[in-house]
Amino acid sequence: MEKLVVAGPKRLARALLAELQKAGVVHIDPLRPDELGEYRLSPTEEAELRRWEALVTQAEQSLGVAGLPVGPGKQAFGGSLEEAEAILKPVAERALVLGKERALLEEELQTIELFGKAAERLAEMVQGLDQSRWLAVLPFLVAKLEELEPVRAALQQGLSDRFVLEAEPLDNQVLAVLVVRREELEAARSALSRLGLAELRFPGVYGGLPLAQAAARMRERAKLAPEELLGIREEVGRLAREYREALVAIWTRAKDEVARYKAASDLAAGQYGIALMGWVPQKAKGRVEEALARLRGQIVYAFEPVDEHHEGHQVPVTLENPAWAKPFELLHGFLNTPRYGSYDPTLMIAAFFPFFFGMVVGDIGIALLFGLLAYWLGSLAKARKNLVIGFLGANFSPEVVGSLSKVLWWMTGWAVVWGFIYGEAFGTFLEKLKILPGGGTIFYDPNHGGQGLIPMTINRLDFEQTATFLMLASIAFGVFQVLYAFVIRMQQGLKHGHMSHFWEGLGYFAGCIALIAFAYNYLTQANSSFLTVLLVVGILVFLVSAILARMPLMIAELPSKGGQILSYIRIYAVGVAGALLASLANQVGFSMAERMGFLGGVLGFVVGLIILLAVVIITTLGHVLQPIRLLWIEFGTNFGFYDESGRPYRPFRSVRAEESVG
């Protein structure tokens, strides 16, 4: 990343921003030197900004009425502001009218669907009493006829015998009508309110009509309104076909114009000149120079190298990762953006998260379920549709959904690989299902005298044979990642001149080596002199580093660092717990088949499937979260990922460029 500084005459401010917007690679920062003030829009420019913003709003509203997505088109509108307004105004006005008419008709049809039957029944029950000068009618709904008894008792207490209460069943409810003297209407309403009941009122125009007229109007409108709505929708469809390109082109142009006007506030300005500061990736310098060349002789500009030590907190960050690892930026981007010049954990997450997930799940059948989810998300992304999860209030863009799909494919692949290693497909289903000649199974354990097609490399349910190996393998990953995190801590400390971070990393590295040497010597009773020397040297280096880092609390925290290494055992523990539950589902199903024959086989399959689905639902969240938390917590905290935050790289570009990049 390099710093860009541009200066030129004030009259070229918008032309300069237009060229930089076309280049689409400059992250513009507000420039506020003591000698210059903030660039302020003139009254004419402010008026133009408001007009362009109005065009954006009108275009979005029109596209919404037409049922078209809001987004940039291939071409932006090339005419003037006045021409854009002349084209859009009649279209927007027509779309607004059609939208209101459609909404009113849809609301009316919904009202008729909800209240039509009730209106008909009420009209028959009251026989015009609601139009009486002396009587008032109160319709209401209850769930059961039995609920009317407390109503009748309350009315009897308050109105004596001066009321009539009738009821008829209506679908899954009971429609009740209360008739009282008009002067006692409020007393009747109060009695119903105390029982948690409210008067049934029809919405809209039907609320002010007598019941007979409301029922008649609903019957009539139920025939006419659908035809009217169909006509409105046809008109909306015609509007969409005729003006789609114009609406999208004007929206694209208006969004870019608004962005340029607003970006002008980041400029510094004097009486006659302006200055701009931004950041440009080194590989994109050519595009900036090409854009600024069109203003050659009228502006001056310069690129300056970034001082990571003093300017690192200011420099925006663009992560450089290979295409296969790029989607995994999603898994840490919402937590923190690495500071410029610091370590980017994307590659570590991309390499180990799906691997750990596969080691935990280790089931071909469950992996296929994740594969189906990945395929569905990929289809959404290709169709440019958002993923909406209503109960979470989440709405993910097609770009995010596409990245999720790619991450899930990696997770699926490793789960399949480990499934073959463990010999698991929906638990022990293919180990128990004897479908090969001679009673053979698809997967079999050669250590237990089984026979079949594919031998299990590691039977993780055979605790005596494999538990120790899998636990040690899990801990080995913890040793590597935690120690590597301390190496990164040392390297970053030296790079940025933060020697306390260097000594902290070195101290914890040496201390953990000492703990590992002690644990191995103690647990294996090896009494190795080499390990003893390693223990002593590690402790000495740790103590010296704690003193030089001026962090005496490192002594108290060292055991927790060792605990972080041990926490990697959850890769084994969480996985084997899920495998046991899946095995239980198969045991239930197959035992029913053995005892009850064919009928038991069918019933056992259904019961086992239900238990297995419950197991998958219960364990999936843990299977995903446990591997990633090892990378977020045990690895990320130890190299200082959360110590400092960076700023995401947000280049000033056209909305068309934003769409293509996404």
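What you see below is based on every heavy atom in this structure, not just the backbone, and it leaves out hydrogens, waters and symmetry mates. Since the structure is predicted, the reported quantities are computational estimates derived from the model, not experimental observations.
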Exercise. Can you list the residues that meet the ring-ring contact (aromatic ring centres under 6.0 Å, His included) rule with F202, with sequence neighbours excluded?
Worked result: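 Partners of F202 by the ring-ring contact (aromatic ring centres under 6.0 Å, His included) criterion, ordered by chain and then number, come out as F115.
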For this session: Mind checking ring-ring contact (aromatic ring centres under 6.0 Å, His included) for F370 and listing every partner two or more places apart, or none if nothing turns up?
Result: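 Scan of F370 (ring-ring contact (aromatic ring centres under 6.0 Å, His included), adjacent residues dropped) gives F357.
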For the [atom1] atom of [X] and the [atom2] atom of [Y], what is their distance to the nearest 0.5 Å?
X: L380; Y: K385; atom1: CG; atom2: NZ; answer: 7.0 Å
X: R40; Y: E46; atom1: CZ; atom2: CD; answer: 9.5 Å
X: R238; Y: R241; atom1: CZ; atom2: CZ; answer: 7.0 Å
X: L16; Y: Q21; atom1: CG; atom2: CD; answer: 11.5 Å

Donor-acceptor check, side chain of [X] to backbone of [Y], threshold 3.5 angstrom: yes or no?
X: R260; Y: R14; answer: no
X: S62; Y: Q58; answer: yes
X: H27; Y: R650; answer: yes
X: E45; Y: S42; answer: yes
X: R221; Y: A216; answer: no
X: D363; Y: G365; answer: yes
X: T412; Y: G371; answer: yes
X: E83; Y: S80; answer: yes
X: T337; Y: G333; answer: no
X: S193; Y: R189; answer: no

Exercise. Near Q75 CD, under 6.0 Å, is it more than 12 heavy atoms from other residues, nucleotides or ligands?
Worked result: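 Atom CD in Q75 is not crowded, with 12 or fewer foreign heavy atoms closer than 6.0 Å.
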For this session: Please say whether more than 12 non-hydrogen atoms of neighbouring residues, nucleotides or ligands are located less than 6.0 Å from NZ in K89.
Result: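 No.
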For this session: Take W632 and F334, measure what ring-ring contact (aromatic ring centres under 6.0 Å, His included) needs, and give me the verdict at the end.
Result: CA-CA 12 Å; W632 285 344; F334 71 95; 5.7 Å; yes
Minimum side-chain heavy-atom gap [X]-[Y] below 4.5 Å:
X: E53; Y: K262; answer: yes
X: F652; Y: L17; answer: yes
X: V361; Y: T620; answer: no
X: F163; Y: L178; answer: yes
X: Y375; Y: L408; answer: no

Should the pair [X]-[Y] be classified as a salt bridge under the 4.0 Å nitrogen-to-oxygen rule?
X: R121; Y: D171; result: no
X: K326; Y: E329; result: yes
X: E48; Y: R51; result: no
X: R253; Y: E257; result: yes
X: K144; Y: E146; result: no

For this session: Just do the side chain to side chain contact (heavy atoms under 4.5 Å, CB included) check on D130 and V179 with the steps written out, would you?
Result: CA-CA 9 Å; D130 58 320; V179 181; over 6 Å; no
For this session: Check the pair I628, I349 against side chain to side chain contact (heavy atoms under 4.5 Å, CB included), reporting the backbone distance first and the verdict last.
Result: CA-CA 8 Å; I628 194 61; I349 292 175; 4.2 Å; yes
For this session: Could you walk me through whether I232 and E235 pass side chain to side chain contact (heavy atoms under 4.5 Å, CB included), step by step?
Result: CA-CA 5 Å; I232 293 294; E235 184 68 20; 5.6 Å; no
